[in-house]
Amino acid sequence: MIKKIGFIGLVCLLAVQFCKSTQPEMGKILFQKFHNPVFQKLDFEEYKEVFQKVLQEHKKDLSNPDFIIKFYQNNDYNPVFVMSHLPKDNLKLLVQYYQRAPEHGLQPKMFNYPKIQTLLDKFYDAGAIKSTDEAYRDLANLELLSANSLINYSNVLQFGLINPKEIYERYDIKTAQSDTVSMLKALRMQNMQHYLDSIQPQSKAYQKMQQALLNAYIAPGFSAEETARILQVNMERLRWKNRPQAAKYVWVNIPDFRLRVMDRGVPVLTMNVCVGQGRNMDLADKLESCGPADLVNDIPDSHETPQLLSEMSTVEVNPIWNIPQSIAKKEIIDQIKADPYFLANNNIQVYSKGKMVNSDEIDWNEITNENLTYTFKQKPGGENAMGKIKFMFPNASSIYLHDTPAKAAFKKPMRAVSHGCIRLADPVGLAKTLFGPGPKLDLVLDELQEDIPSSRFISLPEKIPVFIDYETCWLDEHGNLQFRPDVYLLDVVLYTHMQKLFQTVGGKGNND
């Protein structure tokens, strides 16, 4: 799930090169700080030999072993992190932040808090370390554990604990990951307090969720356990760097069944939408609701709308619907057999090898899902499943935002009813918001009124991001947290993976 990155050449260029003249001062500095006479006897060459052995012993436990090993090679195996921060009591501060991990819905032991605290206690007890051999090993372990844990802590807060691409089958959003530069920044920093404060998530939504989690808030309609789980997984989603950077974008939140056009953080248009059918149509919220196999493996319903980020540039007015073969096999063939006028009544044309054919000459009783070679297109008009307008953006799942002649579903609370595309309650309102006043909007509105409609593509004045997301908790424009049931069970999948990592001492974080 969480990959270890290979060594990146930047390490060689950017690693901090500490002056070797400080090596003999190591024991002196530690003695002055902790008054243990053993530290006066330390020899850097002997320490270096022990550290290299400890480094090899712990290699399998490191989140980024190639990076860590190269970093210390470039620094002549100096205890650079400990010597920069231990004399200033900064490592005490570091473990204090680890103790506050539950504020982020995380566990302190993920960052080796107990082991680091035990080692620190030995250093601060003037008589606890009784030999140079013990001092070398304790110093080496503290160096490696604290450096590695800070990288993990920094990566988790800035990029997330989980890489969503590795747990979700239908996730097509570019999501930033940690890299050599960000990890070096953690190891090179000198002001621990400033650095730790700088990596705390700053969004208002995140901080509101933190407050709710710490105050054991119970959301209306949910139990205390369900509320805590919802808060934890959505705080994790907010740690992912995957959101549009543009001031204006279209945001579809799948569990909310709503579309918003966001402009500088404020919704300027909001409407109901219908999304693809999911696994949890009865909106159960129990962890076992999706069955044992699905707790770890994301096995989506075939109609689930994917999470994606793309750019919209074109609309198709009076669209032609190229009916997917999956729908043709599951629905169209049976409807043709049941009603000989079905094709004509719904303006559906039949094609063979790209050429239109006369459907009346086909013996549909002989056609099965296995031998179906025909394809189907629905002409523009009132019966078209795409309605009168379709908003297009490139994506691997052939997902659109579109109008629909079936309006009744927009008034229902459960609106996960489509085959995957997103049906709009107010497509004209979206067109007006995206085009703005002018000749292009006038053209769109005129084309929508044509008595004999024909398909026409019209480009938007500028590209606009489309962000199809999955959030079961978010902060609305009034500063209130909103909660929704887990219609696709994606909370369950994410929560289960998070719990697995919580059980892993020294959890490695999102270091893809």
Side-chain angles (χ1 to χ4, degrees), residues 250 259 269 271-274 312-328 331-362 364 372-394 398-410 417-461 464 466:
V250 175
L259 174 147
L269 177 71
M271 73 179 70
N272 287 353
V273 299
C274 295
M312 183 190 303
S313 60
T314 306
V315 301
E316 183 182 5
V317 184
N318 299 314
I320 295 171
W321 184 32
N322 295 298
I323 301 176
Q325 286 298 88
S326 59
I327 296 177
E331 301 176 23
I332 301 296
I333 297 301
D334 289 341
Q335 289 172 313
I336 295 173
K337 292 178 180 180
D339 178 5
Y341 302 105
F342 171 78
L343 293 173
N345 289 340
N346 288 277
N347 281 328
I348 296 176
Q349 297 171 324
V350 183
Y351 290 78
S352 177
K353 298 180 180 179
K355 295 183 179 181
M356 190 169 65
V357 297
N358 186 347
S359 62
D360 292 336
E361 297 177 358
I362 300 170
W364 292 105
L372 177 65
T373 58
Y374 297 107
T375 57
F376 303 85
K377 294 185 179 183
Q378 190 175 36
K379 295 189 294 183
E383 301 84 7
N384 190 288
M386 298 287 107
K388 299 286 286 182
I389 186 169
K390 178 171 70 174
F391 299 81
M392 305 174 67
F393 43 91
S398 299
I399 296 298
Y400 316 111
L401 308 179
H402 66 85
D403 182 22
T404 177
K407 306 293 187 182
F410 294 118
V417 296
S418 82
H419 291 92
C421 286
I422 296 162
R423 303 174 188 171
L424 305 172
D426 184 13
V428 174
L430 181 59
K432 290 179 178 178
T433 302
L434 299 185
F435 278 96
K440 283 197 171 185
L441 177 60
D442 294 340
L443 178 59
V444 170
L445 298 178
D446 289 344
E447 291 289 335
L448 291 175
Q449 303 303 318
E450 288 292 328
D451 293 332
I452 304 177
S454 59
S455 175
R456 180 164 185 168
F457 293 91
I458 303 173
S459 62
L460 290 168
I464 184 166
V466 178

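Reckoned from all heavy atoms, side chains included, excluding hydrogens, waters and symmetry mates.
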Are side-chain heavy atoms of [X] and [Y] found at a separation under 4.5 Å?
X	Y	value
Ile362	Val350	yes
Leu443	Arg456	yes
Pro427	Phe391	yes
Ile323	Ile348	yes
Leu424	His402	no

Q: Could you grab the distance from atom CZ of Phe376 to atom CG of Asn322, nearest 0.5 Å is fine?
A: 12.5 Å
Q.
Could you measure the distance from the CZ atom of Phe393 to the OH atom of Tyr400? Nearest 0.5 Å is fine.
A. 9.5 Å
Q: Heavy atoms only: give me the nearest Gln449-Leu445 pair and the separation to one decimal.
A: CG-O, 3.3 Å
**Q.** Over all atoms of both residues, closest heavy-atom pair of Cys421 and Ser398
**A.** SG-O, 3.8 Å
For [X], enumerate each residue passing the side chain to side chain donor-acceptor pair (under 3.5 Å) test, keeping only those at least two apart in sequence or located in another chain.
X	result
Gln349	Tyr351
Lys407	Asp403
Ser455	Glu316

List the atom pairs, with distances to 0.1 Å, where a side-chain N or O of residues 429-442 and a protein N or O form a donor-acceptor pair under 3.5 Å, not counting sequence neighbours.
unit_1	atom_1	unit_2	atom_2	d
Thr433	OG1	Gly429	O	2.9
Lys440	NZ	Ser459	O	3.0
Lys440	NZ	Ser459	OG	2.7

Could you pull out all donor-acceptor pairs under 3.5 Å where a side-chain atom in residues 331-341 meets a protein atom, sequence neighbours excluded?
unit_1	atom_1	unit_2	atom_2	d
Glu331	OE2	His419	NE2	2.6
Lys337	NZ	Ile367	O	2.8
Asp339	OD1	Tyr341	N	2.9

Q) Which residue, Leu401, Val417, Val273, forms the side-chain contact (heavy atoms from CB on, under 4.5 Å) with Arg423? A) Val417
Less than 3.5 Å apart, which donor and acceptor atoms pair up between the side chains of residues 381-389 and the rest of the protein, not counting sequence neighbours?
unit_1	atom_1	unit_2	atom_2	d
Glu383	OE1	Asn347	ND2	3.1
Asn384	OD1	Met386	N	2.7
Asn384	ND2	Pro319	O	3.1
Asn384	ND2	Gln378	O	3.0
Asn384	ND2	Lys379	O	3.1
Lys388	NZ	Asn318	OD1	3.2
Lys388	NZ	Leu448	O	3.3

Q | CA sep, side-chain torsions, deciding dist, call: Tyr374, Trp364, ring pair (Phe, Tyr, Trp, His ring centres under 6.0 Å) | A | CA-CA 11 Å; Tyr374 297 107; Trp364 292 105; 5.7 Å; yes
(Q) For Phe410, is there any backbone N or O sitting under 3.5 Å from a side-chain donor or acceptor partner on Asn272? (A) yes
